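Residue numbering restarts at 1 for every chain, and letters A, B, ... go by the order of the sequence lines. If you're wondering where the values come from, they're calculated on a predicted model, not measured in any experiment.
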Protein chains: 2
Amino acid sequence: MRGVVKLTKVLENGRQQVVGLQFAPDFLGRLFGRQNAVTAEAASDVELCEVPRAAFERLVAEYPQLEHRLFGQILRELDEARDWMVTLGQKTASEKVASLLYLIAGHIDPSTGPETRDSTEFDLPLSRIDIAEFLGLTIETVSRQITKLRADQVISVVANRHVTVPSLNRLKARCG
Amino acid sequence: MRGVVKLTKVLENGRQQVVGLQFAPDFLGRLFGRQNAVTAEAASDVELCEVPRAAFERLVAEYPQLEHRLFGQILRELDEARDWMVTLGQKTASEKVASLLYLIAGHIDPSTGPETRDSTEFDLPLSRIDIAEFLGLTIETVSRQITKLRADQVISVVANRHVTVPSLNRLKARCG
DNA sequence: CGCTAGCTTGATCGAAGTCAATCACCGTGG
DNA sequence: CCACGGTGATTGACTTCGATCAAGCTAGCG
């Protein structure tokens with residue numbers, strides 16, 4: 001209902017990768033008892049609506065339209081995962097950081113009104129560690145790239161978490 | 001029905017990322033006229049069964065069970081995409097190459113019988129360029145890592161394409 | 001006050017990228 | 001049959017980007 005949840009996977013040796021962010025009001029959970037689960041963790045304060053698995057699955061089985069809507073969301077998640085694969089595989093560190101900021105800016109904004117504004121601001125739901133794990137970088141590299149973006153006036157940051165973007169297009173231009 | 005298809009995405013500047021491989025007998029195509037498409041390209045000789053979009057969508061709308069099966073496949077693809085994000089984000093070059101070989105070994109094998117064998121062999125459906133684009137590496141790095149895997153007796157390669165894996169477990173151990 | 005957690009900054013190192021040469025394999029045409 | 005060019009893969013020398021190691025800095029809090 002509110003907030004940001006991060007989905008992560010770990011490798012035996014402790015390396016960890018954030019594989020997705022879910023913003024309200026997405027559905028969260030494994031359908032059809034599938035394995036290979038990810039770990040879900042609140043990244044900000046969250047408020048959520050819990051439904052017992054059995055009841056939910058009965059509901060889904062009974063109303064194909066509900067399944068259809070869930071299908072739509074999963075398809076969107078698949079597209080986002082693939083977009084992110086491009087970012088992870090092909091972009092430089094600074095492009096990665098810019099891309100993540102751009103992604104968050106686009107999703108977190110509660111004012112879903114006339115999205116014509118070029119400037120925006122938001123609170124980062126992720127720590128530097130989370131960001132590094134999402135981007136496949138170290139926190140030091142993330143920090144340096146944020147510093148650089150700040151030096152180039154692409155963003156400004158107060159209290160390490162609150163980000164102001166004077167021009168989303170300028171930020172987008174940094175995404176590669 | 002037969003063969004391997006690769007799904008790719010490109011970045012304006014020409015950088016390209018393979019975001020998925022589809023092995024027979026997967027369904028291939030965009031459901032529900034979604035945007036944000038990927039490019040599908042045959043990676044080996046393929047044989048496929050084409051269905052007109054309109055007829056197919058009518059069929060899906062009419063038989064929820066069909067939609068349910070497609071849902072299952074997409075869920076699997078999402079899991080695979082997320083697994084691959086971990087590989088792209090956290091693994092070293094040689095782990096990436098080993099992971100790709102392991103992935104292909106697991107999917108391409110037509111003998112879906114008693115999968116207890118620890119050794120296998122197959123023809124790579126991908127060129128070095130494709131592999132590099134899948135892994136977010138350069139062809140030179142891919143080549144060096146393959147050479148190293150060969151030197152360490154984890155695989156042997158003939159004619160650049162035919163790969164023999166004496167021990168899948170040994171290969172898996174190289175995946176990180 | 002000092003302590004801790006999270007972030008930034010600097011110095012150095014190493015894995016992978018870049019540039020370039022060579023090789024192996026083919027199909028084509030003289 | 002063999003020279004020729006073309007494509008894809010390998011190998012080597014060098015460079016670079018991001019990781020690692022190591023201090024500081026800042027803010028919140030007991």
Engineer: Count the heavy atoms of every other residue, nucleotide or ligand shown that sit under 6.0 Å from CD1 of Ile129(A), and state whether that count exceeds 12.
Structural biologist: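 Atom CD1 in Ile129(A) is not crowded, with 12 or fewer foreign heavy atoms closer than 6.0 Å.
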
Engineer: dC25(D) P sits how many Å from Asn160(A) CG, rounded?
Structural biologist: 16 Å

Engineer: Calculate the interatomic distance between Glu133(B) atom CD and dG17(C) atom P; express it in whole Å.
Structural biologist: 13 Å

Engineer: Ignoring backbone atoms, establish whether Thr141(B) has a side-chain N or O less than 4.0 Å from OP1 or OP2 of dA16(C).
Structural biologist: no

Engineer: Roughly how far apart are Gln90(A) CD and Asn13(B) CG, rounded to 0.5 Å?
Structural biologist: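 It comes to 9.0 Å.
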
Engineer: Mind calculating the distance between NE2 (His162(B)) and C1' (dA24(C)) to the nearest angstrom?
Structural biologist: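 It is 19 Å, rounded to the nearest whole Å.
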
Engineer: So which one's nearest nucleotide on DNA chain D is more toward 5', Arg128(B) or Gly136(A)?
Structural biologist: Arg128(B)

Engineer: Taking atom P of dA5(C) as reference, at what distance in whole Å does atom CD1 of Ile139(A) sit?
Structural biologist: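 Value for this atom pair: 13 Å.
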
Engineer: With a 3.5 Å distance limit and no angle check, can you tell me whether Ser99(A) reaches the backbone of Glu95(A) through a side-chain donor-acceptor pair?
Structural biologist: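 A pair under 3.5 Å: yes.
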
Engineer: May I ask you to verify whether the side chain of Gln145(A) and the base of dC17(D) hold a donor-acceptor pair under 3.5 Å?
Structural biologist: no

Engineer: Has Thr138(B) got a side-chain N or O lying under 4.0 Å from the OP1 or OP2 atom of dG17(C)?
Structural biologist: yes

Engineer: Looking at the side chain of Thr92(A), which of dG18(D), dA9(D), dA16(C) is the nearest nucleotide?
Structural biologist: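 It is dG18(D).
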
Engineer: Starting at atom CZ of Arg144(A), determine the distance to atom P of dC25(D), rounded to an integer number of angstrom.
Structural biologist: 16 Å

Engineer: Would you say that more than 12 heavy atoms from the other residues, nucleotides or ligands in this model lie under 6.0 Å from the CG of Asp45(B), or not?
Structural biologist: no

Engineer: Between Leu88(B) (CG) and dG18(D) (C1'), how many Å, whole number?
Structural biologist: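 Spelled out: CG on Leu88(B) to C1' on dG18(D) is 17 Å.
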
Engineer: Would you say the side chain of Glu140(B) and the base of dC19(C) hold a donor-acceptor pair, judged only by whether the two atoms sit under 3.5 Å apart?
Structural biologist: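 Pair found.
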
Engineer: To the nearest Å, how far apart are Gln90(B) CD and dA19(D) C1'?
Structural biologist: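 So the CD-C1' distance, Gln90(B) to dA19(D), works out to 13 Å.
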
Engineer: In whole Å, what is the span from the NZ atom of Lys148(B) to the P atom of dT10(D)?
Structural biologist: 14 Å

Engineer: So which nucleotide from dC7(C), dA19(D), dA9(D) ends up closest to the side chain of Leu137(A)?
Structural biologist: dA19(D)

Engineer: Under the 3.5 angstrom rule, does the side chain of Asp79(A) hit a backbone N or O of Arg76(A) as a donor-acceptor pair?
Structural biologist: no

